[in-house]
S.K.: 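Can you read through this structure? Questions will come right after.
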Amino acid sequence: MPTYELAFLLKNMSKPDIAVSLKRAAQEIFLRGGFIRKLENLGISKDTPYKISSHGQVHRTASYFALQFDAPPTTVVDLKDVYKRDVDIVRYNIFKVVEPEKAECTLHEEILPPAYRKDVQELLAESEKKKPKQWDAKTGLDYYPFQR
Amino acid sequence: MLRNLASRKLVTRITRFNSTRWSSVAAPSEAVITSFPENPSSKSEEVVLQKVFAERENDLPASQMKNPYEKEKVKCILCQMDISPSYKNLRLLSQFVSSFTGRPYGRHITGLCKHKHEQVAREIAKARSLGMMPVMLKNVKFLKDPALYDPEKPLRPHRF
(Lines give C-alpha, C1' and ligand atoms only; values in the text may rest on other atoms or scores of the structure.)
Protein backbone atom coordinates (compact mmCIF):
# COMPACT_ATOMS: atom_id res chain seq x y z
CA MET A 1 0.00 0.00 0.00
CA PRO A 2 1.41 3.44 -0.84
CA THR A 3 2.17 5.97 1.88
CA TYR A 4 0.08 9.13 2.07
CA GLU A 5 0.27 12.23 4.24
CA LEU A 6 -2.82 14.04 5.46
CA ALA A 7 -1.94 17.61 6.45
CA PHE A 8 -4.92 19.26 8.16
CA LEU A 9 -5.94 22.10 10.44
CA LEU A 10 -8.38 21.67 13.31
CA LYS A 11 -10.40 24.62 14.50
CA ASN A 12 -9.64 26.25 17.85
CA MET A 13 -10.88 23.80 20.50
CA SER A 14 -9.95 22.56 23.99
CA LYS A 15 -7.32 19.81 24.16
CA PRO A 16 -9.74 16.95 24.92
CA ASP A 17 -11.85 18.01 21.93
CA ILE A 18 -8.73 18.06 19.73
CA ALA A 19 -7.96 14.50 20.86
CA VAL A 20 -11.48 13.39 19.95
CA SER A 21 -11.23 14.95 16.48
CA LEU A 22 -7.83 13.34 15.87
CA LYS A 23 -9.21 9.94 16.89
CA ARG A 24 -12.16 10.41 14.54
CA ALA A 25 -9.84 11.27 11.63
CA ALA A 26 -7.63 8.24 12.35
CA GLN A 27 -10.66 5.94 12.71
CA GLU A 28 -11.76 6.74 9.16
CA ILE A 29 -8.42 5.43 7.90
CA PHE A 30 -8.69 2.22 9.91
CA LEU A 31 -12.26 1.63 8.67
CA ARG A 32 -10.97 1.64 5.09
CA GLY A 33 -8.17 -0.85 5.75
CA GLY A 34 -5.33 1.58 6.32
CA PHE A 35 -2.50 1.77 8.85
CA ILE A 36 -1.09 4.87 10.50
CA ARG A 37 2.67 5.44 10.49
CA LYS A 38 2.90 8.64 12.50
CA LEU A 39 1.01 11.70 13.67
CA GLU A 40 3.00 14.95 13.76
CA ASN A 41 1.94 17.94 15.82
CA LEU A 42 2.94 21.08 13.91
CA GLY A 43 1.53 23.49 16.52
CA ILE A 44 -1.61 23.88 18.65
CA SER A 45 -3.66 27.10 18.67
CA LYS A 46 -1.35 28.92 16.21
CA ASP A 47 -2.42 32.09 14.41
CA THR A 48 -3.28 31.33 10.82
CA PRO A 49 -1.43 33.45 8.21
CA TYR A 50 -4.79 34.65 6.83
CA LYS A 51 -8.47 34.33 7.77
CA ILE A 52 -9.83 30.93 6.79
CA SER A 53 -13.57 30.38 6.44
CA SER A 54 -15.03 26.86 6.48
CA HIS A 55 -18.46 25.42 7.27
CA GLY A 56 -19.89 28.89 7.76
CA GLN A 57 -17.26 29.97 10.31
CA VAL A 58 -14.23 32.23 10.11
CA HIS A 59 -11.05 31.02 11.79
CA ARG A 60 -8.02 33.06 12.82
CA THR A 61 -6.38 30.37 14.98
CA ALA A 62 -6.01 26.66 14.32
CA SER A 63 -4.08 23.55 15.32
CA TYR A 64 -1.81 22.03 12.66
CA PHE A 65 -1.27 18.28 12.26
CA ALA A 66 0.25 15.89 9.72
CA LEU A 67 -0.88 12.27 9.67
CA GLN A 68 1.20 9.78 7.71
CA PHE A 69 -0.56 6.55 6.81
CA ASP A 70 -0.65 3.61 4.40
CA ALA A 71 -3.94 2.95 2.66
CA PRO A 72 -5.26 1.41 -0.54
CA PRO A 73 -5.26 4.02 -3.32
CA THR A 74 -8.98 3.58 -4.03
CA THR A 75 -9.87 4.82 -0.52
CA VAL A 76 -8.14 8.20 -0.84
CA VAL A 77 -11.11 9.76 -2.65
CA ASP A 78 -13.51 8.50 0.05
CA LEU A 79 -11.26 9.88 2.78
CA LYS A 80 -11.21 13.30 1.13
CA ASP A 81 -15.00 13.23 1.01
CA VAL A 82 -15.19 12.36 4.71
CA TYR A 83 -12.81 15.08 5.80
CA LYS A 84 -14.69 17.60 3.69
CA ARG A 85 -17.80 16.93 5.75
CA ASP A 86 -16.00 17.05 9.12
CA VAL A 87 -16.89 20.39 10.71
CA ASP A 88 -13.81 20.44 12.95
CA ILE A 89 -11.36 20.15 10.06
CA VAL A 90 -10.79 23.65 8.73
CA ARG A 91 -8.49 22.74 5.83
CA TYR A 92 -6.89 19.51 4.66
CA ASN A 93 -5.01 17.89 1.82
CA ILE A 94 -3.68 14.40 1.13
CA PHE A 95 -0.30 14.05 -0.56
CA LYS A 96 1.53 10.95 -1.68
CA VAL A 97 4.81 10.59 0.21
CA VAL A 98 7.51 10.42 -2.44
CA GLU A 99 11.27 10.55 -1.84
CA PRO A 100 12.60 13.72 -3.44
CA GLU A 101 14.31 13.14 -6.79
CA LYS A 102 18.09 13.12 -6.57
CA ALA A 103 19.43 15.12 -9.49
CA GLU A 104 22.86 16.68 -9.88
CA CYS A 105 23.08 20.44 -9.54
CA THR A 106 23.14 22.09 -12.98
CA LEU A 107 23.91 25.60 -11.72
CA HIS A 108 27.34 25.68 -13.42
CA GLU A 109 25.59 25.23 -16.79
CA GLU A 110 22.86 27.80 -16.03
CA ILE A 111 25.35 30.50 -15.05
CA LEU A 112 27.05 30.40 -18.48
CA PRO A 113 26.35 33.22 -20.96
CA PRO A 114 23.30 32.50 -23.16
CA ALA A 115 25.30 31.40 -26.23
CA TYR A 116 26.88 28.55 -24.24
CA ARG A 117 23.74 27.34 -22.44
CA LYS A 118 22.32 24.00 -23.61
CA ASP A 119 18.64 25.04 -23.50
CA VAL A 120 19.34 28.20 -25.53
CA GLN A 121 21.29 26.18 -28.11
CA GLU A 122 18.38 23.72 -28.34
CA LEU A 123 15.96 26.61 -28.92
CA LEU A 124 18.15 27.98 -31.71
CA ALA A 125 18.34 24.55 -33.34
CA GLU A 126 14.54 24.24 -33.20
CA SER A 127 14.03 27.67 -34.76
CA GLU A 128 16.43 26.78 -37.57
CA LYS A 129 14.43 23.65 -38.35
CA LYS A 130 11.19 25.62 -38.58
CA LYS A 131 12.63 28.29 -40.90
CA PRO A 132 10.97 28.02 -44.34
CA LYS A 133 13.39 27.65 -47.23
CA GLN A 134 14.04 30.93 -49.00
CA TRP A 135 13.37 30.73 -52.73
CA ASP A 136 16.68 30.59 -54.57
CA ALA A 137 16.76 32.64 -57.82
CA LYS A 138 19.97 30.87 -58.95
CA THR A 139 21.28 34.02 -60.59
CA GLY A 140 24.74 33.44 -59.21
CA LEU A 141 24.68 37.02 -57.84
CA ASP A 142 24.89 37.96 -54.18
CA TYR A 143 22.68 41.05 -54.66
CA TYR A 144 19.18 41.78 -56.03
CA PRO A 145 19.76 42.92 -59.62
CA PHE A 146 16.48 44.86 -60.22
CA GLN A 147 15.33 48.18 -58.81
CA ARG A 148 12.66 47.42 -56.24
CA MET B 1 115.66 20.48 -11.95
CA LEU B 2 113.11 23.14 -12.77
CA ARG B 3 110.33 20.75 -11.80
CA ASN B 4 111.77 20.15 -8.34
CA LEU B 5 112.01 23.85 -7.78
CA ALA B 6 108.34 24.25 -8.70
CA SER B 7 107.19 21.50 -6.34
CA ARG B 8 109.23 22.98 -3.51
CA LYS B 9 107.46 26.31 -4.04
CA LEU B 10 104.10 24.59 -3.84
CA VAL B 11 104.95 22.91 -0.56
CA THR B 12 105.97 26.19 1.06
CA ARG B 13 102.76 27.87 -0.02
CA ILE B 14 100.63 25.08 1.41
CA THR B 15 102.31 25.06 4.83
CA ARG B 16 101.40 28.70 5.36
CA PHE B 17 97.71 27.68 5.48
CA ASN B 18 96.16 24.57 7.01
CA SER B 19 98.24 21.76 5.56
CA THR B 20 95.75 19.03 6.61
CA ARG B 21 93.10 20.48 4.28
CA TRP B 22 95.15 19.93 1.22
CA SER B 23 96.75 16.63 2.17
CA SER B 24 93.82 14.53 0.76
CA VAL B 25 94.02 16.19 -2.65
CA ALA B 26 96.43 14.49 -5.05
CA ALA B 27 98.84 16.69 -6.93
CA PRO B 28 97.97 17.14 -10.61
CA SER B 29 100.98 15.17 -11.72
CA GLU B 30 99.71 12.08 -9.83
CA ALA B 31 96.21 12.03 -11.40
CA VAL B 32 95.60 9.03 -13.66
CA ILE B 33 92.84 8.73 -16.29
CA THR B 34 91.39 5.22 -16.08
CA SER B 35 88.48 5.31 -18.64
CA PHE B 36 86.76 7.67 -21.10
CA PRO B 37 82.86 8.10 -21.20
CA GLU B 38 81.11 6.02 -23.91
CA ASN B 39 80.77 7.75 -27.25
CA PRO B 40 77.16 7.14 -28.37
CA SER B 41 77.79 7.92 -32.01
CA SER B 42 80.05 4.93 -32.24
CA LYS B 43 77.10 2.51 -31.59
CA SER B 44 74.23 1.72 -33.98
CA GLU B 45 71.13 3.98 -34.17
CA GLU B 46 68.68 1.34 -32.97
CA VAL B 47 70.50 0.74 -29.73
CA VAL B 48 70.62 4.45 -29.08
CA LEU B 49 66.90 4.85 -29.73
CA GLN B 50 66.08 1.96 -27.41
CA LYS B 51 68.07 3.58 -24.68
CA VAL B 52 66.30 6.93 -25.19
CA PHE B 53 62.83 5.33 -25.09
CA ALA B 54 63.68 3.36 -21.97
CA GLU B 55 64.67 6.53 -20.18
CA ARG B 56 61.72 8.45 -21.57
CA GLU B 57 59.13 6.00 -20.20
CA ASN B 58 59.38 7.46 -16.73
CA ASP B 59 58.85 10.98 -18.05
CA LEU B 60 55.61 10.33 -20.01
CA PRO B 61 52.42 12.02 -18.58
CA ALA B 62 50.08 9.70 -16.64
CA SER B 63 47.15 9.27 -19.05
CA GLN B 64 44.87 7.90 -16.32
CA MET B 65 45.32 11.01 -14.18
CA LYS B 66 42.37 13.39 -13.75
CA ASN B 67 42.73 16.88 -15.14
CA PRO B 68 44.41 18.69 -12.22
CA TYR B 69 43.26 22.08 -13.52
CA GLU B 70 39.60 21.13 -13.55
CA LYS B 71 37.59 23.76 -11.71
CA GLU B 72 35.12 22.77 -9.00
CA LYS B 73 31.56 22.94 -10.34
CA VAL B 74 29.47 25.69 -8.77
CA LYS B 75 26.54 24.30 -6.75
CA CYS B 76 23.43 26.05 -5.49
CA ILE B 77 23.02 26.47 -1.73
CA LEU B 78 20.40 23.72 -1.37
CA CYS B 79 22.45 21.21 -3.38
CA GLN B 80 25.56 22.09 -1.35
CA MET B 81 23.76 21.34 1.92
CA ASP B 82 21.78 18.46 0.34
CA ILE B 83 18.46 19.88 1.62
CA SER B 84 15.08 19.03 0.12
CA PRO B 85 12.48 21.74 0.81
CA SER B 86 9.28 20.63 2.61
CA TYR B 87 5.96 22.42 3.02
CA LYS B 88 6.35 21.93 6.80
CA ASN B 89 9.68 23.80 6.88
CA LEU B 90 8.18 27.28 6.53
CA ARG B 91 11.30 29.11 7.66
CA LEU B 92 13.39 27.65 4.84
CA LEU B 93 10.72 28.41 2.24
CA SER B 94 10.38 31.97 3.54
CA GLN B 95 14.07 32.58 2.89
CA PHE B 96 13.38 32.44 -0.87
CA VAL B 97 10.41 34.81 -0.67
CA SER B 98 10.38 38.60 -0.93
CA SER B 99 10.02 40.45 2.35
CA PHE B 100 8.10 43.21 0.52
CA THR B 101 5.54 41.29 -1.50
CA GLY B 102 5.65 37.73 -0.09
CA ARG B 103 6.29 36.35 -3.59
CA PRO B 104 9.06 33.82 -4.35
CA TYR B 105 12.10 35.30 -6.11
CA GLY B 106 13.31 34.03 -9.48
CA ARG B 107 16.30 31.74 -10.02
CA HIS B 108 18.48 34.62 -11.22
CA ILE B 109 18.12 36.21 -7.78
CA THR B 110 18.14 33.24 -5.39
CA GLY B 111 20.92 31.41 -7.24
CA LEU B 112 19.15 28.01 -7.12
CA CYS B 113 19.42 25.42 -9.86
CA LYS B 114 16.27 24.75 -11.93
CA HIS B 115 15.54 21.48 -10.12
CA LYS B 116 15.62 22.91 -6.58
CA HIS B 117 13.85 26.12 -7.60
CA GLU B 118 10.90 24.09 -8.91
CA GLN B 119 10.80 22.05 -5.69
CA VAL B 120 10.76 25.24 -3.60
CA ALA B 121 8.01 26.74 -5.75
CA ARG B 122 5.88 23.57 -5.42
CA GLU B 123 6.28 23.44 -1.64
CA ILE B 124 5.44 27.14 -1.26
CA ALA B 125 2.22 26.56 -3.21
CA LYS B 126 1.40 23.57 -0.98
CA ALA B 127 2.06 25.49 2.23
CA ARG B 128 -0.02 28.45 1.06
CA SER B 129 -3.00 26.32 0.04
CA LEU B 130 -2.92 24.52 3.41
CA GLY B 131 -3.08 27.77 5.36
CA MET B 132 0.45 27.46 6.77
CA MET B 133 2.30 30.14 4.82
CA PRO B 134 1.07 33.69 4.16
CA VAL B 135 0.45 34.73 0.55
CA MET B 136 0.71 38.52 0.39
CA LEU B 137 3.54 38.96 2.87
CA LYS B 138 6.46 37.26 4.58
CA ASN B 139 5.97 35.95 8.11
CA VAL B 140 7.11 38.66 10.54
CA LYS B 141 9.06 36.17 12.66
CA PHE B 142 11.27 35.30 9.66
CA LEU B 143 12.04 38.84 8.48
CA LYS B 144 15.44 38.96 10.15
CA ASP B 145 16.63 35.56 8.91
CA PRO B 146 20.11 35.46 7.32
CA ALA B 147 20.08 36.45 3.64
CA LEU B 148 21.22 33.79 1.17
CA TYR B 149 21.39 36.29 -1.70
CA ASP B 150 21.12 40.02 -2.44
CA PRO B 151 17.88 40.87 -4.30
CA GLU B 152 19.49 44.14 -5.48
CA LYS B 153 22.29 42.24 -7.26
CA PRO B 154 20.78 39.46 -9.37
CA LEU B 155 22.83 37.22 -11.69
CA ARG B 156 21.24 38.90 -14.70
CA PRO B 157 19.61 42.34 -14.63
CA HIS B 158 15.84 42.45 -14.25
CA ARG B 159 13.30 45.02 -15.35
CA PHE B 160 12.43 46.14 -11.83
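Chain letters run A, B, ... following the sequence lines, proteins first and then strands; every chain starts at 1.
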S.K.: Examine B:L130 and A:L42 and state if one hydrophobic cluster contains both, with Ile, Leu, Val, Met, Phe, Trp and Tyr joined whenever side-chain heavy atoms are less than 4.5 Å apart.
M.R.: yes
S.K.: Locate the shortest heavy-atom distance separating A:C105 from B:C76; write the atom from each residue and the value.
M.R.: SG-N, 3.2 Å
S.K.: Go through the structure and list residues passing salt bridge (Lys or Arg N to Asp or Glu O under 4.0 Å) with A:D70, not counting sequence neighbours.
M.R.: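 Result, salt bridge (Lys or Arg N to Asp or Glu O under 4.0 Å) vs A:D70: A:R37.
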S.K.: Under 4.5 Å from any heavy atom of chain A, what part of B:M133 do you find: side chain, backbone, both or neither?
M.R.: backbone
S.K.: At a 4.5 Å cut-off on heavy atoms, which part of B:L112 comes close to chain A: side chain, backbone, both, or neither?
M.R.: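 It is the backbone, since no side chain atom gets that close.
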S.K.: Apart from A:V87 itself, what residues make up its hydrophobic cluster when side-chain heavy atoms of I, L, V, M, F, W and Y under 4.5 Å apart count as a link, directly or indirectly?
M.R.: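 Members other than A:V87 - counting any ILVMFWY side chain reachable under 4.5 Å - there are none.
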S.K.: In terms of hydrophobic clusters joined by side-chain contacts under 4.5 Å, are B:F100 and B:I124 together?
M.R.: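 Cluster IDs for B:F100 and B:I124 match.
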S.K.: How long is the straight-line distance from CD1 of B:I77 back to CG of A:L107, given to the nearest 0.5 Å?
M.R.: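 Those atoms lie 11.0 Å apart.
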S.K.: Do B:L90 and A:F65 belong together in a cluster built from hydrophobic side chains that touch within less than 4.5 Å?
M.R.: no
S.K.: Could you pull out every donor-acceptor pair under 3.5 Å between side chains of residues 138-148 of chain A and any protein atom, sequence neighbours left out?
M.R.:
from   : atom 1 : to     : atom 2 : distance (Å)
A:T139 : OG1    : A:L141 : N      : 3.2

S.K.: Looking only at N and O atoms, which donor-acceptor pairs between chain A and chain B are within less than 3.5 angstrom?
M.R.:
from   : atom 1 : to     : atom 2 : distance (Å)
A:E5   : OE2    : B:K88  : NZ     : 2.7
A:E40  : OE1    : B:K88  : NZ     : 2.9
A:Y50  : OH     : B:R128 : O      : 2.3
A:Y50  : OH     : B:G131 : N      : 3.3
A:Y64  : OH     : B:G131 : O      : 2.8
A:R91  : NH1    : B:S129 : O      : 3.1
A:E101 : O      : B:H115 : NE2    : 3.3
A:E110 : OE1    : B:R107 : NH1    : 3.1
A:E110 : OE1    : B:K114 : N      : 3.4
A:E110 : OE2    : B:K114 : N      : 3.3

S.K.: Using non-hydrogen atoms and a 4.5 Å limit, figure out which bit of B:C79 sits close to chain A: side chain, backbone, both or neither.
M.R.: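 Answer is side chain: those atoms of B:C79 sit under 4.5 Å from chain A.
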S.K.: Should A:I52 and A:F8 be counted in the same cluster of Ile, Leu, Val, Met, Phe, Trp and Tyr side chains packed under 4.5 Å apart?
M.R.: no
S.K.: In this structure, would A:L67 and A:V97 fall into the same cluster of hydrophobic residues linked by side-chain contacts under 4.5 Å?
M.R.: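 No.
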